[in-house]
Structures are given as C-alpha cells and as structure tokens.
Amino acid sequence: MRARFVPRPPLTLILSFLAVSGLLMFEDLFARPFTFLTGINFEAVRRGETALLLGIAALLIARFVRRDLIHGLLEQRAGKALPHLIGDVASLSVLVVGGAVIMTGVYGWDIGAVVAAGGLSLAILGLALKDVILAVFNGAALNVENAFMVGDRVKIGEVDGTVVQSTWRSTTILTKARRLVTIPNVALGTASITNFDRPNKSEQRILEICLDYDVTAESAERILLAGVIGAAGVSLVDAPRVHAIRLDRDGVLYAIRYVIADHDQGLSSDHAVIKSILAHLRDAGIGVAYPKQEVVTAERRIRVADRTVDRRVLVQQCGLFRGLPSAVQARIADTLIEQKLQAGASLIAAGAVRPSLFIVGEGLMKRLRARPDRPGFVEERYVATQAFGRRAFLSGLPHPAPISAVTQSLVFELTRAAFARILAEHPEIKTLLAANLARSPTLEITHATDVSALEARAERPAAFYLGLLDSIASTEANTVEHST
C-alpha cells in the first residue's frame with residue numbers, strides 16, 4: 001500500500017512570518033522606536049516591514065510548490081521521481097512574481113522601466129553566461145519534450161546507462177560499469193539520445209552462428225528455432241526468426257533474431273538461448289562450423305541434398321535403443337517413417353489409435369498431459385533424440401493426450417508392426433529394451449511446466465515391460481502363422 005504523503009512545514013519561515021506580521025500590527029514594538037533612534041522616515045520603515053513580510057511569504061509559497069507539491073504530492077501520484085529542474089523553475093517563477101509584487105505594490109516602481117533600464121546589463125550578463133543559459137534552456141526543453149526521465153536507460157553519444165539526476169546544468173548517468181558520468185546540458189542539444197525504456201523495455205537480440213554446409217537450411221532453421229523457444233527463463237515478445245545471411249569459407253552464417261520483454265535481461269537471455277541451441281545441436285549430432293581440412297582415404301558417404309538427420313545416429317542416441325547391437329539399430333533405422341511438421345501442426349489427436357513410437361529428429365514437440373495429482377494439465381516438451389508415444393506403442397491403446405509441433409519439426413515413426421518383426425528376428429534384445437523402458441519417464445522429458453506432476457507418474461519394473469514385449473513378439477508370430 002502506498003504511503004500517504006505528509007508535508008513538513010518550515011518552522012523557521014513560519015515563525016519569521018508571524019514575527020514580522022506582529023511588528024506590522026503593533027508599530028510601537030519596532031517601527032517607531034527604530035525611527036526615533038535612527039531618524040529614518042517612519043513610512044520607509046513600514047514599507048520595509050511590508051516588503052520583508054511579502055518576501056517571506058514568497059519564500060514559503062516557493063518552498064511549498066517545489067518541495068511539497070512537485071517533489072511531494074505529484075511524485076507520489078506519479079510513482080517516480082520528477083526532475084529537479086521542474087521544481088527549480090516553479091519555485092523561481094514564484095520568487096520572480098513575489099519580487100514584482102514588492103517592487104510595484106510596496107515601492108511603486110514601474111516594472112517596465114526597471115526592465116528597460118536593466119536591458120543593457122542583462123545583455124552583457126547574457127553574453128558572459130551564454131553557456132549556462134544554453135544549458136538551462138536545453139534542460140528545460142528536455143523536460144518539456146519528455147525525452148527521458150530519471151530511472152530510464154538511455155544512450156547519449158557513447159555513454160550508455162541509467163539516468164539518476166537531471167538538473168539545470170547537467171544530466172548524470174550511471175553506466176553499466178557503475179560509473180557516474182555527468183553530461184552538460186549544452187551537449188544534449190546536438191547529441192543523439194536513445195531511450196531504451198520507450199515505448200517499453202523490450203529489445204531485439206541478435207545471435208550469429210556458423211553451421212557446416214552439409215546441414216540444410218531447413219534443418220538449421222528448425223533446430224535453431226527450437227533452441228530459442230526451448231530456452232529456459234527467456235520471456236519472448238514475438239516469434240523468433242532465423243535467416244541465412246552469409247556464405248563463409250567454413251559454412252553458412254545464420255542470424256537468430258528474437259525479442260525479449262526486458263532489456264535488463266539481455267545477457268542472461270543470450271546465455272540461456274546459446275545453452276539451449278548447443279543442446280539441440282548436440283542432440284541432432286551437429287556441431288558449430290570451424291576451420292578444418294579433410295583427408296579422404298576411403299569412399300565417403302553420399303550426401304543427399306535434402307538430408308536432415310542421419311537416422312542410424314538418431315537411433316543410437318535415442319535412450320530407448322541405447323546399447324542395442326549395431327545391426328539391430330541399423331534395422332530399426334531402416335524401418336523409420338519420416339514425418340515433416342510445420343509449427344503448430346497436430347501430429348496425434350487425443351484418443352487417436354495409432355500404435356507407433358515417435359522419435360524427434362529435429363525441432364520441438366509438445367504434449368498436454370492430464371495432471372495425475374490434481375485437475376489441470378502439464379505440458380511436456382520433446383527435443384531431438386527423445387521418443388514419445390510408448391503407451392500406445394506397447395499396449396495398442398489410444399493416445400491419452402494430443403501431440404503437436406512447437407516449431408518446424410522432423411519426426412520419425414516406428415510402427416508397432418515393423419517393430420514386432422524386428423523382435424521376432426532378434427528376440428535377444430527384449431531384456432535390454434525392457435531395462436531401458438523401465439527408466440524413469442522424467443528422464444526422457446525436457447522443459448516440463450511442472451516437474452512435480454511428472455515425478456508423480458509411477459515407474460514400472462523391467463518385468464512389466466518384458467511382458468509387453470513378449471506380447472508384441474507373439475502377436476507377430478501369430479500373424480505370420482495365420483498368413484502361412
């Protein structure tokens with residue numbers, strides 16, 4: 001709750017005002033004795049008392065306007081500190097008006113004649129103080145134009161930092177290196193001012209990365225977009241974009257552009273995005289391009305122009321098939337069916353009967369699963385080399401939750417029928433497969449919105465999965481027997 005503003009009265013000025021008022025009311029206390037002792041005209045003494053009273057009143061009003069009204073009540077309602085220049089201008093205006101009232105009302109001077117007589121002096125003074133006057137007017141113009149406020153992050157010339165003070169003469173900036181830099185307002189009249197907090201604190205960040213030529217542009221776009229969207233703790237304002245910007249000697253240079261909500265989180269956002277991109281590249285078996293030379297002593301593998309991920313490497317890196325003989329992994333890779341999905345496209349609807357296992361080759365997939373501990377849903381995300389759909393694949397039951405693509409994705413499908421034939425050919429792999437399946441489901445899921453909900457899912461023993469694998473193998477054996 002915002003604290004209520006309580007004005008602090010200037011006791012010295014108030015007591016002085018009351019004392020002079022008493023002297024005016026009771027002329028025998030000061031005016032007549034002072035006239036008798038000094039011989040000064042009585043009316044002149046009374047005018048002096050009146051001028052002194054009006055001067056104290058002007059000081060009281062100027063202080064109230066500057067301290068209690070502008071830097072008190074208005075600052076509290078605005079929720080931020082106002083520039084000192086505003087209070088200075090307001091209090092000076094009150095004092096000028098008070099001085100004019102004293103000269104015209106008390107002493108009967110012609111204010112126009114006073115200004116005309118002092119014109120030459122003001123011109124000489126203006127030439128001597130032209131830099132100071134220019135600084136004052138520049139400071140006033142900045143406040144009128146509202147180019148920046150105290151607390152804004154700005155860049156003035158080569159100085160980048162947060163505005164901590166704006167006065168008649170200068171503007172003080174606290175840089176990122178925690179150094180105070182004072183810039184004269186004279187320099188602000190011609191300087192280029194960039195305000196990073198207007199209209200909001202969002203900022204576009206750009207990262208560049210070089211990938212080998214054998215990585216297609218489509219694959220690079222899917223992997224890099226998945227890396228940006230999957231970065232933990234990064235608040236994105238708009239959809240990220242990836243562009244191939246240059247062909248270098250070592251590979252293709254890609255620019256990754258994304259907009260974050262708060263520019264103060266720029267370095268931490270870059271760190272999270274780079275960390276996520278490297279993880280996606282590593283999962284896809286792709287490295288950052290670097291200067292290298294190749295000496296080919298054997299027949300090289302033929303590179304297909306639209307190749308995205310080496311399927312055999314993908315099967316080897318998938319946790320479900322890890323440790324299987326190379327021949328079996330190659331057999332599984334040959335049976336995979338490629339599925340290309342656009343961002344937002346649905347792969348499987350809730351309740352669909354599709355007994356297949358899916359392995360993410362590139363991109364980012366998600367599934368909305370019902371929470372096991374309370375009403376609601378938890379989002380599970382899958383990146384390259386991770387598999388999903390085990391329940392429907394092993395039991396033949398409908399898929400319990402919808403699965404869709406977060407970014408452009410490349411997914412490989414292993415059907416239950418094809419897998420059953422592999423089990424029939426290699427029954428010795430069932431024990432190792434059952435052990436891999438018995439691992440905790442939380443180890444196969446990344447970027448979950450609520451890990452506690454995932455941890456609540458019960459783990460199954462290896463014997464449970466061994467029974468399911470025996471069932472799949474026996475189903476294939478019965479199918480072959482009926483066909484013969």
Side-chain angles (χ1 to χ4, degrees), residues 283-285 309-339 347-348 352-361 365 367 369 372 380 382-401 403 410-446 454-484:
D283 292 338
V309 169
D310 190 328
R311 298 188 184 189
R312 297 192 180 184
V313 175
L314 179 64
V315 172
Q316 292 172 359
Q317 294 179 348
C318 181
L320 178 60
F321 305 118
R322 193 165 297 158
L324 294 181
S326 299
V328 177
Q329 292 176 341
R331 180 76 171 85
I332 295 174
D334 293 339
T335 60
L336 294 179
I337 302 173
E338 182 179 293
Q339 303 280 348
L347 177 64
I348 300 174
V353 179
R354 191 171 176 179
S356 297
L357 182 73
F358 297 90
I359 306 174
V360 181
M365 303 292 293
R367 171 168 58 183
R369 178 183 292 274
E380 302 170 355
Y382 300 89
V383 297
T385 73
Q386 292 182 335
F388 57 86
R390 299 191 309 180
R391 178 177 180 270
F393 177 67
L394 296 174
S395 63
L397 296 174
H399 286 268
I403 301 175
L410 182 66
V411 180
F412 293 94
E413 179 180 2
L414 176 62
T415 64
R416 179 185 172 95
F419 183 67
R421 289 191 292 271
I422 296 174
L423 281 181
E425 298 171 3
H426 304 276
E428 70 280 1
I429 66 172
K430 289 188 289 185
T431 302
L432 182 56
L433 281 174
N436 290 341
L437 288 167
R439 296 172 57 201
S440 173
T442 58
L443 298 178
E444 298 297 332
I445 299 170
T446 60
L454 297 175
E455 292 174 346
R457 293 162 58 182
E459 299 181 18
R460 302 286 188 179
F464 172 80
Y465 292 105
L466 188 60
L468 292 177
L469 295 174
D470 289 334
S471 176
I472 294 175
S474 62
T475 301
E476 173 62 16
N478 293 334
T479 303
V480 174
E481 182 179 348
H482 286 307
S483 62
T484 56

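Note that the structure is a prediction, hence the values are computed from the model and not measured.
Contact annotation: the side chain of L324 approaches that of I332 to within less than 4.5 Å [non-hydrogen atoms, C-beta and beyond]. With a 4.5 Å cut-off on side-chain heavy atoms, Q386 and M365 do not count as touching. At a threshold of 4.5 Å between non-hydrogen side-chain atoms, the residues D470 and L423 do not count as touching.
Side-chain atoms of H399 never come within 3.5 Å of backbone atoms of A392 as a donor-acceptor pair (strictly under, hydrogens ignored). Of the possible donor and acceptor atoms, none in the side chain of R354 sits under 3.5 Å from a partner among the backbone N and O of I348. A side-chain donor-acceptor contact under 3.5 Å links Q329 to the backbone of F321.
To the nearest 0.5 angstrom, I359 atom CD1 is 12.5 Å from Q339 atom CD. Taking CZ from R331 and CG from L336, the interatomic distance works out to 11.0 Å, rounded to the nearest 0.5 Å. How far OH of Y382 is from CG of D283: 15.0 Å, rounded to the nearest 0.5 Å. How far OH of Y465 is from CG of N436: 11.5 Å, rounded to the nearest 0.5 Å.
Counting all heavy atoms, side chain and backbone alike, A384 lies closest to A284 at CB-N, 4.1 Å. Across G396 and V353, no two heavy atoms sit closer than the pair O-CG1, 4.3 Å. When all heavy atoms are compared, the tightest approach of V328 to I422 is CG1-CG2, 4.3 Å. Contact record, A424 with P427: O-CD, 3.8 Å, taken as the closest heavy-atom pair.
The aromatic rings of F358 and F388 sit parallel to each other, their planes meeting at less than 30°, with 60° as the upper class boundary.
Results of the side chain to side chain contact (heavy atoms under 4.5 Å, CB included) test with F412 over L314, L357, T335, I337 single out L314 as the only residue that passes.
Residues F393 and F419 bring their aromatic ring centres within 6.0 Å.
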